[in-house]
Amino acid sequence: MGAPIFGAVLLCLVLAAAAVPEQQPTLPSSSAANSSTGVNSNSVLVALLDSHYTELAELVEKALLLQSLEDAVGRGNVTIFAPRNEALERDLDPEFRAFLLEPRNLRSLQRLLLFHVLPSRLHSHSAWPASTARMTLSGEHLQLSADGQKMLVGTAEVTRPDAVVRPDGVIHGIERLLVPRSVQEDFNRRRSLAAISAVLPTGAPEVDPRTHRLKKPAPPVPLGAPPVLPVWDAMAPGPSIAPAPAPGPGSGKHHFDGHSQVKDFIQTLVLYGGYNELADILVNLTSLATEMGRLVSEGYVLTVLAPNDEAMARLTTDQLSEPGSPENILYYHMVPEYQTEESMYNAVRRFGTVRYDTLRLPQKVTAREADGSVKFGHGEGSAYLFDPDIYTDGRISVQGIDAVLFPPVEDTAKSGGASPVRKAPAVTGTAKPKLRRGQYSNL
């Protein structure tokens with residue numbers, strides 16, 4: 001019986017071997033062959049790197065775009081619009097050039113350079129389009145037009161048509177750099193710190209920058225009607241006019257979402273960087289964030305003088321371990337007014353010394369003009385306005401300072417305080433003075 005079983009197994013193996021198709025040797029694809037052989041020495045990319053457009057070639061190498069351009073050339077012809085070296089070296093805004101060369105802005109630099117490359121061949125002697133939009137390698141459209149004898153790419157004129165001609169592409173010289181809208185928006189956001197600044201919460205009031213008053217939705221005005229804005233509002237000096245009296249505590253009327261605005265400004269401190277200690281005290285060590293939210297909800301405005309992390313690190317354990325010490329320290333840094341760097345600087349320039357009320361009644365914080373900025377306090381415990389307008393939404397204003405403020409000893413004695421107030425610890429060593437970031441420091 002064993003012989004038939006062995007024969008059946010052998011027959012199955014033979015049939016299975018016959019069913020397997022014979023494998024044929026595979027040839028490498030054309031793309032693999034192209035990648036192995038590399039770019040041709042007569043390629044337009046080699047001509048770009050060896051041409052007199054050295055600034056553009058340097059940016060292409062810094063943007064790590066050689067491989068992407070090689071792939072584009074492998075798929076078909078390309079047209080490159082190359083700005084002259086002067087447009088990238090001397091005529092370009094230094095701040096914009098520094099933005100492009102930052103490592104974190106690599107994507108913006110790549111989009112900018114690919115915006116100068118068309119995935120098709122376009123000669124000047126052929127019919128230059130009168131007005132058309134062509135898709136670039138960056139995914140955005142580039143407007144091509146003709147104005148008489150001028151050939152225009154966007155708003156830039158083609159100064160050297162067909163400057164370099166190769167079998168796989170052509171290079172046209174243009175007078176200046178082309179900046180796509182997406183890169184311009186990235187630069188504007190980075191320059192104005194909008195990426196890390198707070199977004200106004202839903203329902204938050206808007207402040208008119210001209211009158212410094214809360215904006216109200218204007219009703220529709222019929223044609224020929226007199227102006228809606230009263231003459232008094234049009235002539236109001238602005239910062240010196242205080243807002244209307246807010247409802248007092250316990251009134252039960254909450255006109256603003258104060259808790260959302262406080263949460264928003266604390267998040268801004270964390271994202272801004274350098275104020276994590278203050279945010280931790282407001283949220284975790286004390287209930288000041290809740291109290292601030294309640295005040296803003298009832299209509300009050302606040303200006304917070306925010307010490308940075310370096311200033312908070314100079315506080316001793318004894319200063320923070322006393323009962324109520326964190327609250328008392330921060331109450332002295334909260335002014336029940338809405339002030340910006342501009343309004344405070346104008347006040348100290350005009351009056352010399354200004355004393356602001358604080359939530360640590362009846363003590364006041366003194367401000368004066370020094371070194372083109374606003375300086376708070378006296379002596380070793382003084383602090384400069386270091387980071388202006390970190391957060392401003394019309395109800396809460398946050399101004400960064402470089403030291404922790406303490407009320408003078410004589411003010412504490414007058415107020416009848418039992419616990420002595422220690423002075424801010426002096427900074428030892430030979431540290432270099434910090435550069436003030438106030439926008440009026442150069443005046």
Practice item. State the CG-CZ distance between L109 and R104, to the nearest 0.5 angstrom. Key: 14.5 Å

Check your understanding: Mind checking what makes side-chain contact (heavy atoms from CB on, under 4.5 Å) contact with A133, not counting sequence neighbours?
Key -> H141, Q143

Check your understanding: Under the side chain to side chain contact (heavy atoms under 4.5 Å, CB included) criterion, do L137 and L69 qualify, and how do the steps go?
Key -> CA-CA 9 Å; L137 291 185; L69 294 177; 4.1 Å; yes

Review point. Atom CG in D147, atom OG in S131: separation rounded to 0.5 Å?
Key: 11.0 Å

Review point. Do you know which two heavy atoms are closest between Y332 and Q363, and how far apart they sit?
Key: CE1-CB, 4.1 Å

Review point. Can R107 and D186 be counted as an ion pair, charged N to O under 4.0 angstrom?
Key: no

**Study point:** L405 versus A383, closest heavy-atom pair with distance
**Key:** CD2-CB, 3.7 Å

Practice item. Could you tell me the separation between the CZ atom of R111 and the CG atom of L106, rounded to the nearest 0.5 Å? Key: 10.5 Å

Check your understanding: Heavy atoms, side chains only, cut-off 4.5 Å: are L359 and L302 in contact?
Key -> yes

Check your understanding: Passes salt bridge (Lys or Arg N to Asp or Glu O under 4.0 Å), R294 versus E298? Steps please.
Key -> CA-CA 6 Å; R294 185 162 53 249; E298 292 176 351; 5.4 Å; no

Check your understanding: Can you find a pair of side-chain heavy atoms, one from V78 and one from L45, that are under 4.5 Å apart?
Key -> no

Exercise for review: Determine yes or no for a side-chain-to-main-chain donor-acceptor pair under 3.5 angstrom, with Q110 supplying the side chain and L113 the backbone.
Suggested key: no

Exercise for review: Would you please test F115 and V183 for side chain to side chain contact (heavy atoms under 4.5 Å, CB included) and show each step?
Suggested key: CA-CA 10 Å; F115 188 65; V183 176; over 6 Å; no

Practice item. Apply the test side chain to side chain contact (heavy atoms under 4.5 Å, CB included) to residues F386 and E310: give CA-CA distance (whole Å), side-chain angles for both, the deciding distance (0.1 Å), then the verdict. Key: CA-CA 12 Å; F386 186 66; E310 295 180 6; over 6 Å; no

Check your understanding: Which pair of heavy atoms, one from G169 and one from V44, lies closest together, and at what distance?
Key -> C-CG2, 3.9 Å

**Study point:** Distance-only donor-acceptor check, side chains S43 and D168, under 3.5 Å
**Key:** yes

**Study point:** Atom pair CG/CG of L59 and L177 - distance to nearest 0.5 Å
**Key:** 8.0 Å

Exercise for review: Hey, could you give me each pair passing salt bridge (charged side-chain N to carboxylate O under 4.0 Å, His left out) that has a residue in residues 270-291? Not counting sequence neighbours.
Suggested key: none

Check your understanding: With a 4.5 Å limit on heavy-atom distance, are the side chains of T392 and Y338 in contact?
Key -> yes

Point to revise | Non-hydrogen side-chain atoms of V170 and D162 separated by less than 4.5 Å | key: yes

Exercise for review: Under the side chain to side chain donor-acceptor pair (under 3.5 Å) rule, collect the residues that match up with R368, sequence neighbours excluded.
Suggested key: none

Check your understanding: Which pairs, with at least one residue in residues 346-365 and sequence neighbours excluded, count as a ring pair (Phe, Tyr, Trp, His ring centres under 6.0 Å)?
Key -> none

Quiz: residues 151-160 side-chain donor-acceptor pairs under 3.5 angstrom, not counting sequence neighbours:
from	atom 1	to	atom 2	distance (Å)
T155	OG1	R176	NH2	2.9
T159	OG1	G173	O	3.3
R160	NH1	H52	NE2	2.6

Review point. What closest approach, in Å, do Y384 and A370 show between heavy atoms, and which atom pair accounts for it?
Key: CE2-O, 3.6 Å

**Study point:** Donor-acceptor under 3.5 Å (S373 side chain, L385 main chain)
**Key:** yes

Study note, to complete from the structure: side chain to side chain donor-acceptor pair (under 3.5 Å) filter on K150, not counting sequence neighbours, yields none

**Study point:** Test side chain to side chain donor-acceptor pair (under 3.5 Å) applied to E61 - qualifying residues, sequence neighbours left out
**Key:** none

Check your understanding: Which pair of non-hydrogen atoms, one from M334 and one from L288, has the smallest distance, and what is that distance?
Key -> CE-CD1, 4.3 Å

Practice item. Would you please name every residue forming a side chain to side chain donor-acceptor pair (under 3.5 Å) with E140, sequence neighbours left out? Key: S182

Revision key, fill the gap. In terms of heavy-atom contacts, L112 and V179 come closest through CD1-CA, 3.8 Å

Practice item. Please confirm whether the backbone N or O of S397 pairs with a side-chain atom of T303, one donor and one acceptor, at under 3.5 Å? Key: no

Review point. Backbone N or O of R395 within a donor-acceptor pair of the Y300 side chain at under 3.5 Å?
Key: no

Review point. Hey, are the side chains of T136 and V117 touching, using non-hydrogen atoms and a 4.5 Å cut-off?
Key: no

Point to revise | side-chain contact (heavy atoms from CB on, under 4.5 Å) involving R181 - partner list, sequence neighbours excluded | key: E185

Check your understanding: What pairs with A311 under side-chain contact (heavy atoms from CB on, under 4.5 Å), at least two apart in sequence or on another chain?
Key -> P307, N308, R314, V404

Exercise for review: Not counting sequence neighbours, which residues clear ring-ring contact (aromatic ring centres under 6.0 Å, His included) with F81? List them please.
Suggested key: H172

Practice item. Decide yes or no for M135 and P119: does some side-chain heavy atom of the first lie under 4.5 Å from some side-chain heavy atom of the second? Key: no

Check your understanding: Quick one: does V374's side chain get under 4.5 Å of Q399's, heavy atoms only?
Key -> no

**Study point:** Polar side-chain atom of D389 near backbone of E341 as donor-acceptor pair, under 3.5 Å
**Key:** yes

Practice item. Measure from the side-chain N and O atoms of T340 to the backbone N and O of S343, and report whether any donor-acceptor pair falls under 3.5 Å. Key: yes

**Study point:** Residue pair D393 / D264, side-chain heavy-atom distance below 4.5 Å
**Key:** no

Review point. Is N346 reaching over with its side chain to a backbone N or O of E342, donor-acceptor style, under 3.5 angstrom?
Key: yes

Review point. Do T268 side-chain atoms and Y391 backbone N/O form a donor-acceptor pair below 3.5 Å?
Key: no

Point to revise | Under the ring-ring contact (aromatic ring centres under 6.0 Å, His included) test, residues paired with F99 that sit two or more places apart | key: F187

Check your understanding: Measuring from D387:CG to Y275:OH, what's the distance to the nearest 0.5 Å?
Key -> 3.5 Å

Check your understanding: Nearest 0.5 Å, what's the CG-CG distance between L330 and L278?
Key -> 6.0 Å

Point to revise | side chain to side chain contact (heavy atoms under 4.5 Å, CB included) between L144 and L122, worked out | key: CA-CA 11 Å; L144 304 178; L122 181 63; 3.7 Å; yes

